[in-house]
Amino acid sequence: MVDALGVAVVGFGWMGRVHTQAYARVRHHYPHLALRPELVTVADEVPGRAEEAADRFGFSSATRDWREVAADPRVRAVSVTAPNFLHREIGVVMAEAGKHLWIEKPVGLTTADARAVADAVTRAGVQGAVGFNYRNAPAVEAARELIADGGIGTVTHARFRFFSDYAAHPEGALTWRYERQRGGSGVLGDLASHGADLAWFLLGDIDSLCADTAVFLPERARPASATAGHARAAGGVKGPVENEDYVSCLLRFASGARGVLEACRVSVGEQNGYGFEVHGTRGALFWDFRRMNELGVSRGTDYQDQPVSTVYVGPGHGEFAAFQPGAANAMGYDDLKVVEAYRFLRSVAEDTPYGATPADAVRSAAVLDAMARSAAGGAWERPLP
């Protein structure tokens, strides 16, 4: 007998849709999952958006007030996909109401916000999951295993890059993402948070760092109405961009390895140019999200002129077998969120955390806060847990 689990989605922009579709698909890929998610309600404050989502995706009800979700006894698990400045309040209230929590990164605006949510989850005895989806790629999990097994020797240095053009157009609207009070940090919270999580996932704790940030498009036009995604607002009244477009950061890992993390939201010519290179004493690994199902591997004892092979991930890597029967059959971005949904629901079913948790969000946020302090003061900083 499979138990039904009433789920809700709070905030129905693009990411709310992705979570909803992951709930709808998860048992197609994981038929033995002990829980069956049921779409109970959707909340969004924009007039008509929640009702449209309910009609399109089959939620039983819709509301503009997320607090009604916290009070709804039908709801046992909640996806929080609202803007960053709402994460702390919604996350804490949902956990205190006894709802299991799947919340998008960066889980608030600061380390204190992420910690407040993590502490609420712990106090309430509910399960929590965080949207660090890139660690779910089978090639990334394969890289982690190779590194842990000594497949490339001792890691010496690595580079993590997260370049995008979503904010590159000068007519991009001045939404909450660019305001310090509602968006918090800019590209730090949006993209560098993923880089910080991947760096830890692959190489362990970051001991210290030194960062620099910049704003390349200092003004944007205010939108005339509610927006979703990365809308444009040509001709509107302009206001200042209050958070960073770009960050570069030197990393020192507790292992002794060195690293570079670089992220930018205004990189013309880069469409989701996310990835990493990890170098060791006997080899190296290379991954590019745009070729998500491939892992570049160099290992052996040639050292000089050692070739790089392309490994096409297959059923033996990560969660690949739940989606495709053989190597080189491509998985996509939405599949990573299905993996995330599965791990979240499995955590609820077994009362044991699987995948990224609020503790991981606290760790990532501590790195981001250290980057901000370093950029402001020009000195090396240590992430404060």
Side-chain angles (χ1 to χ4, degrees), residues 8-11 13 15-16 19 43 45 66-67 69-70 77-133 162 175-200 206 209 211 213 242-244 247 249 261 263 265 340 344 353 355-376 381-385:
V9 176
V10 176
M15 188 53 68
H19 275 231
E45 65 178 9
W66 61 263
R67 292 170 183 80
V69 176
V78 178
S79 280
V80 178
T81 54
N84 297 350
F85 67 95
L86 295 171
H87 284 190
R88 177 175 181 161
E89 182 182 11
I90 297 175
V92 169
V93 169
M94 293 300 174
E96 290 177 343
K99 318 295 187 187
H100 302 287
L101 192 66
W102 179 12
I103 188 169
E104 274 304 314
K105 39 59 65 180
V107 189
L109 307 184
T110 63
T111 305
D113 286 351
R115 187 181 296 111
V117 174
D119 289 347
V121 166
T122 300
R123 287 194 307 270
V126 297
Q127 292 297 319
V130 176
F132 289 126
N133 47 272
F162 278 78
T175 64
W176 61 267
R177 293 179 182 277
Y178 306 101
E179 298 176 0
R180 183 69 64 180
Q181 184 175 359
R182 297 195 297 164
S185 61
V187 78
L188 284 179
D190 193 24
L191 297 180
S193 59
H194 283 297
D197 181 67
L198 275 186
W200 174 82
I206 294 170
L209 56 84
T213 61
E242 299 174 350
N243 50 33
E244 71 288 335
V247 62
C249 186
L261 192 160
R265 64 189 180 187
E340 210 169 280
F344 171 51
T357 68
D360 295 309
V362 174
R363 183 187 302 106
S364 174
V367 171
L368 302 185
D369 282 356
M371 287 184 189
R373 294 195 305 272
S374 176
E381 294 282 348
R382 292 180 180 273
L384 302 176

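A tilted orientation is assigned to the rings of F344 and W102, their planes being inclined by 30° to 60°.
Contact of the M94 side chain with the I103 side chain is not registered, since no non-hydrogen atoms from C-beta on lie closer than 4.5 Å. The closest side-chain heavy-atom distance from F85 to L109 is below 4.5 Å. Two residues are said to be in side-chain contact when any heavy atoms from C-beta on lie closer than 4.5 Å; V367 and I206 meet this criterion. D190 is listed as a side-chain neighbour of K105, based on a closest heavy-atom distance under 4.5 Å. Contact check for W66 versus V78: no side-chain heavy atoms found under the 4.5 Å cut-off.
For the atom pair L209 CG and R382 CZ, the distance stands at 10.0 Å (nearest 0.5 Å). Rounding to the nearest 0.5 angstrom, the gap separating the CZ atom in F132 from the CG atom in D197 is 4.5 Å. Note that the CH2 atom of W200 and the CZ atom of R363 stand 4.0 Å from one another [nearest 0.5 Å]. The CG atom of D113 sits 5.0 Å away from the CZ atom of R88 when rounded to the nearest 0.5 Å. Residue L101 holds its CG atom at 11.5 Å from OG1 of T357, rounded to the nearest 0.5 Å. The distance from atom CD of E104 to atom NE2 of H19, rounded to the nearest 0.5 Å, is 3.5 Å.
Without hydrogens or angle criteria, T111 side chain to A365 main chain gives a donor-acceptor distance under 3.5 Å. With hydrogens and angles ignored, the 3.5 Å screen pairs a side-chain donor or acceptor of N243 with a backbone N or O of R177. Under the 3.5 Å distance criterion, the side-chain polar atoms of S79 are left unmatched by any main-chain donor or acceptor of V10. S364 contributes no side-chain N or O that, together with a main-chain N or O of A196, makes up a donor-acceptor pair within less than 3.5 Å.
Using a 4.0 Å cut-off between a side-chain N of Lys or Arg and a carboxylate O of Asp or Glu, E244 and R265 do not qualify as a salt bridge.
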For this session: Report the C-alpha separation of L384 and D369 in whole Å, then their side-chain angles, then the decisive distance to 0.1 Å, and conclude whether the side chain to side chain contact (heavy atoms under 4.5 Å, CB included) test is met.
Result: CA-CA 8 Å; L384 302 176; D369 282 356; over 6 Å; no
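Looking at every heavy atom in both residues, V80 comes nearest to H87 through CG1-CD2, 4.2 Å. Residues D360 and A356 come closest through the heavy atom pair OD2-CA, 3.3 Å. Across every non-hydrogen atom of P358 and A129, the tightest pair is CD-N, 4.1 Å.
The neighbour count for E179 CD, taken as heavy atoms of other residues, nucleotides or ligands under 6.0 Å away, is above 12.
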